[in-house]
Amino acid sequence: MFKRVFKQVSLGVALSAAVFAVQAADVTGAGASFPYPIYAKWASDYKAATNSAVNYQSIGSGGGQQQIIAKTVDFGASDDPMKAADLEKHGLLQFPAVIGGTVAVVNIDGVEPGKLKLSGKVLADIFLGKIKKWDDAAIKALNPDVKLPAADIIVVHRSDGSGTTFGWTNYLSKVSPDWKSQVGEGKAVKWPTGQGGKGNEGVAAYVGQLKNSIGYVEYAYAKQNKLAWTQLQNKDGKFVQPEQKAFAAAAANADWKSAPGMGVVLTDEPGADSWPVTAATFILIHKSQDKPVQGKAVLDFFDWTFKNGAKSAEAMDYVPLPEAVTKEIRAAWGEVKSADGKAVWK
C-alpha cells in the first residue's frame, strides 16, 4: 500500500514537473496589429512543430510598448521603433521581425482594388480635410478613367496608439509640408477630420461598412477583408501597386547597422518600384530577464520564424528579413541575460 501511494505521489510530481516544463516554454506578447496576421500564422505553425504556445494580443504599438515596460508580457511589439534613449532607460533590446506595407483603402461603388491612383499630396489633403469630395479636381486629374461620385469623403483613422499611424503620419509629413506643420507624426496625433477605429481590424471594419470612406491598414488586412486598396505615387514619381516586391524594393537599401535598435524607418524610399509606406515591425524584450526560461522561449520562437517562416510571410505579402540581418539579430541576443549574467539564448 505504501509503495503504491509513493509511486502515485512520485508520478504526480513527475507529471506536474512535465506540465510546468511545457507551460514554462509558453510565452505571451502584445502590441502592433500591423504584423498580427503573420504572428498568428507563425504561432500556429510553431505550436504544431514544437508544442510550445505563443499567445499574442493585437492591442496597438503603444500598448505593446507600455506592457513590455511594465513586464506584463514576455515581449512587446511595435511598428514605431523606440529611440535609443528610451531603450536604454527601460533596459530593452529591440530587433526587427518582418517587413510589410501600409495601404490606403477605399469603399467607393465601382472602384476595384488597385484601380484608384493617389499622390502623397492628395492623400495628405484628404486626411487634412482640405479635399472633401471624391470628385474633387485633384483626384479626377489623377484618375481620368475612373467614375468618381460627387460624395463626401469619410476619413477613417486609428483611435489607439499605433505604429501603423506612426508610419502613415511619418510618410505624410515627408510628402506634405502642410501635414508636417499642422499635424506632424506620431503613434497618436490630433486628427483634423474623420472617425477612429481601434487597430487595423477596426479601421478595416469601418471602411468595409461605410460607403465613400478611406482609411489605412496593413496590406494583409486589405486582402483579408476584400477592401479596395489604391495605387500610390512614390518618390520617383511612379504609381505602384502594393505587393511584396514593392515592399522589398523599399527595404533593399535599409541601413540596419546605423539605426539605434535597428529601428529603420522605410517610408518614402527612393526607387522606381518602391512602395512609399513600407515599414519594419519590431520586437522588444528586456535585456535583464527575471524569467530567463521565458526570455529564451521568446528568442527560440523568433529564431524558428527566421528559419522556417519565410514562405508563410511571403504568402501573406510580408517580406522576410534578409539572412544577413537575422545573423546580426542573433548576435544581439547575447545581450539578453539572466540575473547571474549568463546569456539566456545560445
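Residues take their numbers from the sequence shown, with the count starting at 1.
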Of all heavy-atom pairs between D80 and S61, which one has the smallest distance, and what is that distance?
N-OG, 4.3 Å

Counting N and O atoms only, with roles assigned by atom type, does the side chain of T169 sit under 3.5 Å from a partner on the main chain of T165, one being a donor and the other an acceptor?
yes

Check for a donor-acceptor pair, side chain of N107 on one end and backbone N or O of L227 on the other, with a separation under 3.5 Å.
no

Using every non-hydrogen atom in the two residues, find where I153 and I131 come nearest and quote the distance to one decimal.
CD1-O, 3.8 Å

Group every Ile, Leu, Val, Met, Phe, Trp and Tyr by side-chain heavy-atom contacts under 4.5 Å, then state whether V175 and L116 land in the same group.
yes

Do you know which two heavy atoms are closest between A222 and W229, and how far apart they sit?
CB-CE3, 4.3 Å

Do any N or O atoms from the side chain of N143 and from the backbone of V146 form a donor-acceptor pair under 3.5 angstrom?
no

Could you tell me how the ring of W191 sits relative to the ring of H157: parallel (under 30°), tilted (30 to 60°) or perpendicular (over 60°)?
parallel

Under the ring-ring contact (aromatic ring centres under 6.0 Å, His included) test, which residues partner F127, sequence neighbours left out?
W168

On a heavy-atom basis, which atom in E201 and which in S58 lie closest, and how many Å separate them?
OE2-OG, 2.9 Å

Looking at R158, is its backbone amide N or carbonyl O close enough to the side chain of S162 to form a donor-acceptor pair, meaning the two atoms are under 3.5 Å apart?
no

Count I, L, V, M, F, W, Y as connected when their side-chain heavy atoms are under 4.5 Å apart, and connections chain through other members. Are Y171 and V203 then in the same cluster?
yes

Between F302 and W42, is the ring centroid distance below 6.0 Å?
no

Co-membership, hydrophobic cluster, residues V98 and V103, 4.5 Å side-chain:
yes

Just by distance, do the side chain of D26 and the backbone of S52 share a donor-acceptor pair under 3.5 Å?
no

Rounded to the nearest 0.5 Å, what separates atom CD1 in I283 from atom CG in L93?
10.5 Å

Under 4.5 Å between any side-chain heavy atoms of K140 and D135, yes or no?
yes

Within one Ile-Leu-Val-Met-Phe-Trp-Tyr cluster: F306 and L284, side-chain cutoff 4.5 Å
no

In terms of hydrophobic clustering (I, L, V, M, F, W, Y; side-chain heavy atoms under 4.5 Å; direct or indirect links), are Y39 and I59 co-clustered?
no

Less than 4.5 Å apart, side chain to side chain, heavy atoms only: is that true for V265 and F166?
yes

